[in-house]
Peer 1: 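Supplied in structure tokens, the structure appears directly below.
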Amino acid sequence: MKFKTAIVPLFASAALFGATGAWAATFKVAVGDAQGGTQWELATTFKKSFEQKVGGKHKLDLFPNGQLGSEEDTVSNAAMGTLDFSILAINNITPFSPTVGVLTLPYVIQSAEEAKKLTTGDVGKELTENTVRDAKVRIVGWAYSGFRVLTNSKKPVKTLADLQGLKIRVPKNEIMIASYQSWGLNPTPMAWSETFTALQQRVVDGQDNPYITISAMKFNEVQKYITNIRYVFSLEPLVVSEALFKKQPADVQKAILDAGAEATEHSYKFLLATEDKIKKELTAKGMQISDPADGEKEFIAKATQTVWPKFHASIGGKDKLDKVLKTLGRQ
Ligand code: MLT
């Protein structure tokens with residue numbers, strides 16, 4: 001066997017002569033979350049489907065739980081071509097391609113169905129083009145993870161008044177930081193890879209993420225209370241290094257895109273089939289779940305009134321938000 005480096009640049013993948021003499025590669029896939037969550041489900045489905053489509057010629061190696069760096073680092077590495085694929089939360093790609101933030105604006109997406117409609121339609125296509133342009137990575141699939149609910153280790157939270165004084169970790173995402181600011185807090189921006197330890201050591205009191213992620217990351221071991229806020233529906237794109245994608249022959253590009261679409265479809269069904277079960281399991285493990293008082297009205301009013309206008313420019317103009325709302329039949 002002989003390495004291919006002399007002929008084409010070696011990416012993160014190892015490229016080798018296969019038994020038939022054809023080039024064969026093993027591509028690396030970074031996965032931000034631990035095994036068992038929606039990211040892992042997307043990764044394993046994508047791997048199976050892709051490897052089948054290329055007849056086993058190329059392989060995918062999955063690296064869960066941030067083994068290949070923080071989610072932000074994986075975007076930079078894929079852009080530079082030192083990593084092949086990454087699955088990460090949308091909020092951690094937004095700093096590299098701010099227009100993607102339109103899907104993270106608080107209370108824009110109000111159901112899993114709406115999330116799917118946006119990501120698989122024209123809005124999703126436009127955001128994919130934008131991430132290629134801005135971040136040098138191409139979105140080829142999506143995991144649907146559910147609403148990000150608030151957890152904390154100190155007390156039940158039902159109102160904005162209850163929330164005051166808690167130290168809440170947020171991703172390094174301006175929109176999410178601004179959402180908590182609109183609720184009167186000064187949240188703590190922190191990389192995902194550092195979050196479990198920060199909760200465990202009580203550096204912060206709480207955070208928000210979907211039920212399935214809370215379970216996969218075993219946050220129930222360090223958090224007690226859940227509040228069912230629904231300000232952000234968590235989407236987790238599967239991205240490929242654009243430099244790597246462009247170098248692939250048409251059949252491999254097609255296999256990547258088709259496997260991504262299949263894994264996306266599977267992810268949606270997985271969420272619908274799993275979320276309620278996970279909620280019950282977390283309760284059985286001792287977590288206490290509350291709904292926000294008054295149908296979340298005070299959370300919604302503060303966040304939408306102050307955060308939406310603040311980010312019109314970074315998402316590419318107010319008309320981008322209007323297009324999303326129109327697609328959802330809400331204008
Ligand atoms: C974050 O909170 O940084 C992300 O949503 C975590 C994830 O990738 O699941």
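Index from 1, following the sequence.
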Peer 1: Using modelled atom types only, decide if a donor and an acceptor are shared between the side chain of Gln164 and the backbone of Leu160 within a distance under 3.5 Å.
Peer 2: yes
Peer 1: Does a side-chain heavy-atom distance below 4.5 Å link Phe50 with Val252?
Peer 2: yes
Peer 1: Taking atom CD of Glu281 as the centre, report whether more than 12 heavy atoms of other residues, nucleotides or ligands fall under 6.0 Å from it.
Peer 2: yes
Peer 1: Could you go step by step and tell me if Asn91 and Val232 meet the side chain to side chain contact (heavy atoms under 4.5 Å, CB included) rule?
Peer 2: CA-CA 10 Å; Asn91 43 272; Val232 169; 5.8 Å; no
Peer 1: Keeping Thr197 on the side-chain end and Glu194 on the backbone end, is there a donor-acceptor pair under 3.5 Å?
Peer 2: no
Peer 1: Determine yes or no for a side-chain-to-main-chain donor-acceptor pair under 3.5 angstrom, with Trp183 supplying the side chain and Lys302 the backbone.
Peer 2: no
Peer 1: Mind checking whether Leu166 and Lys155 have side chains closer than 4.5 Å, heavy atoms only?
Peer 2: yes
Peer 1: Apply the test side chain to side chain contact (heavy atoms under 4.5 Å, CB included) to residues Met190 and Val170: give CA-CA distance (whole Å), side-chain angles for both, the deciding distance (0.1 Å), then the verdict.
Peer 2: CA-CA 6 Å; Met190 183 185 288; Val170 285; over 6 Å; no
Peer 1: Checking the side chain of Gln35 only, and the main-chain atoms of Pro64 only, is there a donor and an acceptor separated by less than 3.5 Å?
Peer 2: no
Peer 1: Using a cut-off of 6.0 Å, state whether more than 12 heavy atoms not belonging to Lys158 lie near its atom NZ.
Peer 2: no
Peer 1: With no hydrogens and no angle check, do the side chains of His58 and Glu51 hold a donor and an acceptor under 3.5 Å apart?
Peer 2: no
Peer 1: Answer yes if the side chains of Asn209 and Trp192 hold a donor-acceptor pair under 3.5 Å, and no otherwise.
Peer 2: no
Peer 1: Does Arg330 have more than 12 heavy atoms from other residues, nucleotides or ligands lying within 6.0 Å of its CZ?
Peer 2: yes
Peer 1: Is Glu242 salt-bridged to Arg133, cutoff N-O under 4.0 Å?
Peer 2: no
Peer 1: Between Thr151 and Gln207, is any side-chain donor less than 3.5 angstrom from a side-chain acceptor?
Peer 2: yes
Peer 1: Hydrogens and angles aside, do Asn228 and Tyr211 bring a side-chain donor and acceptor to less than 3.5 Å of each other?
Peer 2: yes
Peer 1: Shortest non-hydrogen contact from Val108 to Glu114?
Peer 2: O-OE1, 3.7 Å
Peer 1: Distance from Ile212 atom CD1 to Lys277 atom NZ, nearest 0.5 Å?
Peer 2: 9.0 Å
Peer 1: For residues Val240 and Leu244, determine if any side-chain heavy atom of one lies less than 4.5 Å from a side-chain heavy atom of the other.
Peer 2: yes
Peer 1: Pair Lys172, Glu71 - check salt bridge (charged side-chain N to carboxylate O under 4.0 Å, His left out), show working.
Peer 2: CA-CA 11 Å; Lys172 295 176 184 173; Glu71 293 194 348; over 6 Å; no
Peer 1: In Å and rounded to the nearest 0.5 Å, what is the CD1 to CG distance from Ile175 to Leu105?
Peer 2: 4.5 Å
Peer 1: I'd like to know if the side chain of Glu72 and the backbone of Phe96 have a donor-acceptor N/O pair within less than 3.5 Å.
Peer 2: no
Peer 1: Side chains of Tyr107 and Glu296: is there a donor and an acceptor less than 3.5 Å apart?
Peer 2: yes
Peer 1: Are Asp322 and Lys318 close enough for a salt bridge, meaning some N to O gap below 4.0 Å?
Peer 2: yes
Peer 1: Short question: side chain of Asn92, backbone of Ala89 - any donor-acceptor pair under 3.5 Å?
Peer 2: no
Peer 1: Would the distance check show the side chain of Asp84 and the main-chain N or O of Lys28 forming a donor-acceptor pair, the cut-off being under 3.5 Å?
Peer 2: yes
Peer 1: Do Ile289 and Leu163 land in one hydrophobic cluster if side-chain heavy atoms of ILVMFWY residues count as linked below 4.5 Å?
Peer 2: no
Peer 1: Got a donor-acceptor contact below 3.5 angstrom from the Ser97 side chain to the Ile93 backbone?
Peer 2: no
Peer 1: Thinking salt bridges, do Asp294 and Lys297 make one under a 4.0 Å N-O criterion?
Peer 2: yes
Peer 1: For the OG atom of Ser179 and the CG atom of Asp208, what is their distance to the nearest 0.5 Å?
Peer 2: 9.0 Å
Peer 1: Ser86 vs Thr74, test: side chain to side chain donor-acceptor pair (under 3.5 Å). Steps then yes/no.
Peer 2: CA-CA 6 Å; Ser86 175; Thr74 66; 2.8 Å; yes
Peer 1: Judged by atom type as modelled, is there a donor-acceptor pair below 3.5 Å linking the side chain of Asn77 to the main-chain atoms of Asp73?
Peer 2: yes
Peer 1: Given side chain to side chain contact (heavy atoms under 4.5 Å, CB included), test Tyr225 with Lys154 step by step and report yes or no.
Peer 2: CA-CA 7 Å; Tyr225 303 99; Lys154 291 221 156 139; 5.6 Å; no
Peer 1: Measure from the side-chain N and O atoms of Thr274 to the backbone N and O of Phe270, and report whether any donor-acceptor pair falls under 3.5 Å.
Peer 2: yes
Peer 1: Evaluate the side chain to side chain donor-acceptor pair (under 3.5 Å) criterion for residues Thr99 and Asn130: first the C-alpha distance (whole Å), next the side-chain angles of each, then the deciding distance (0.1 Å), finally the verdict.
Peer 2: CA-CA 7 Å; Thr99 62; Asn130 293 353; 2.9 Å; yes
Peer 1: Apply ring-ring contact (aromatic ring centres under 6.0 Å, His included) to residues Trp142 and Phe233 and explain how you reach the verdict.
Peer 2: CA-CA 12 Å; Trp142 296 90; Phe233 185 95; over 10 Å; no
Peer 1: Are side-chain heavy atoms of Asp33 and Met217 found at a separation under 4.5 Å?
Peer 2: yes
Peer 1: Look up atom CZ in Phe27 and atom CG in Leu83, then write down how far apart they are to the nearest 0.5 Å.
Peer 2: 12.0 Å
Peer 1: Could you report the tightest heavy-atom contact between Ala79 and Val137, atom names first, then the distance?
Peer 2: N-CG1, 4.0 Å
Peer 1: Does Thr188 form a side chain to side chain donor-acceptor pair (under 3.5 Å) with Arg169? I'd like the steps, not just the answer.
Peer 2: CA-CA 5 Å; Thr188 308; Arg169 172 269 169 181; over 6 Å; no
Peer 1: Where do Phe46 and Phe85 land on the ring-ring contact (aromatic ring centres under 6.0 Å, His included) test, with the steps shown first?
Peer 2: CA-CA 11 Å; Phe46 178 67; Phe85 293 87; 5.5 Å; yes
Peer 1: Give a yes-or-no answer on whether the side chains of Ser153 and Asp205 include a donor-acceptor pair shorter than 3.5 Å.
Peer 2: no
Peer 1: For Lys320, enumerate each residue passing the salt bridge (Lys or Arg N to Asp or Glu O under 4.0 Å) test, keeping only those at least two apart in sequence or located in another chain.
Peer 2: Glu126
Peer 1: Might you work through the side chain to side chain donor-acceptor pair (under 3.5 Å) test for Glu236 and Gln39, ending with a clear yes or no?
Peer 2: CA-CA 7 Å; Glu236 325 239 23; Gln39 290 191 2; 2.7 Å; yes
Peer 1: Can you tell me if Lys323 has over 12 outside heavy atoms packed within less than 6.0 Å of its NZ?
Peer 2: yes
Peer 1: Distance from Lys285 atom NZ to Thr283 atom OG1, nearest 0.5 Å?
Peer 2: 10.5 Å
Peer 1: Set out, in order, the CA-CA distance, both residues' side-chain angles and the distance that settles side chain to side chain contact (heavy atoms under 4.5 Å, CB included) for Ile109 and Leu103, then state yes or no.
Peer 2: CA-CA 7 Å; Ile109 297 179; Leu103 300 185; 4.3 Å; yes
Peer 1: State the CH2-CG distance between Trp40 and Asn65, to the nearest 0.5 angstrom.
Peer 2: 10.0 Å
Peer 1: With a 4.5 Å cut-off on side-chain heavy atoms, are Lys136 and Val75 touching?
Peer 2: no
